[in-house]
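Right, I'll just put the structure down here and ask away after.
All of these numbers come straight from a predicted model, not from anything done at the bench.
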Amino acid sequence: MKLMSTEQVAEFLGVKAERVKRLARESLLIAKSEDDNGKMQFDADEVAKYKELAERFGGL
């Protein structure tokens with residue numbers, strides 16, 4: 001499992017980091033762990049699946 005930081009997810013999805021944090025609060029993206037600084041880390045495969053699903057529903 002490859003982990004991505006909030007910033008990496010934001011760049012991959014083409015949104016701001018605050019949007020990624022909101023998606024996590026709303027349980028649309030699930031953080032798998034936290035780094036040493038307490039920042040969320042996400043599974044890259046799940047992020048890619050979320051992006052595909054969001055695009056099917058009309059975009060992010």
Nearest 0.5 Å, please: how far is CD in Q41 from CE in M1?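 Result: 10.0 Å between the selected atoms.
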Distance-only check: which donor-acceptor pairs under 3.5 Å involve side-chain atoms of residues 16-23, not counting sequence neighbours?
from, atom 1, to, atom 2, distance (Å)
E18, OE2, K21, NZ, 3.4
R19, NH1, L60, O, 2.9
R19, NH2, L60, O, 2.7
R22, NH1, E26, OE1, 3.3
R22, NH1, E26, OE2, 3.2

query = Should we say atom CD of E11 is surrounded by more than 12 heavy atoms from elsewhere, each under 6.0 Å from it?
reply =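 12 or below, so no.
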Next item on the list: Mind jotting down which residue pairs meet the salt bridge (Lys or Arg N to Asp or Glu O under 4.0 Å) criterion with at least one end in residues 40-50? Sequence neighbours excluded, please.
Entry: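 Residue pairs with at least one partner in residues 40-50: K32-E46.
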Give me each pair satisfying salt bridge (Lys or Arg N to Asp or Glu O under 4.0 Å) with a member in residues 51-60, each pair once, sequence neighbours excluded.
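As it turns out, the salt bridge (Lys or Arg N to Asp or Glu O under 4.0 Å) pairs with a partner in residues 51-60, which skip direct neighbours, are E52-R56.
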Show the nearest heavy-atom pair for residues I30 and F42, with the distance to one decimal.
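Between these two residues, the closest heavy atoms are O-CD2, 3.6 Å.
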I need the minimum non-hydrogen distance between E7 and K39, along with the two atoms involved.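 Nearest heavy atoms, E7 then K39: OE2-NZ, 4.0 Å.
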Can you check whether L3 reaches S33 side chain to side chain, under 4.5 Å on heavy atoms?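 They are in contact (side-chain heavy atoms under 4.5 Å apart), so the answer is yes.
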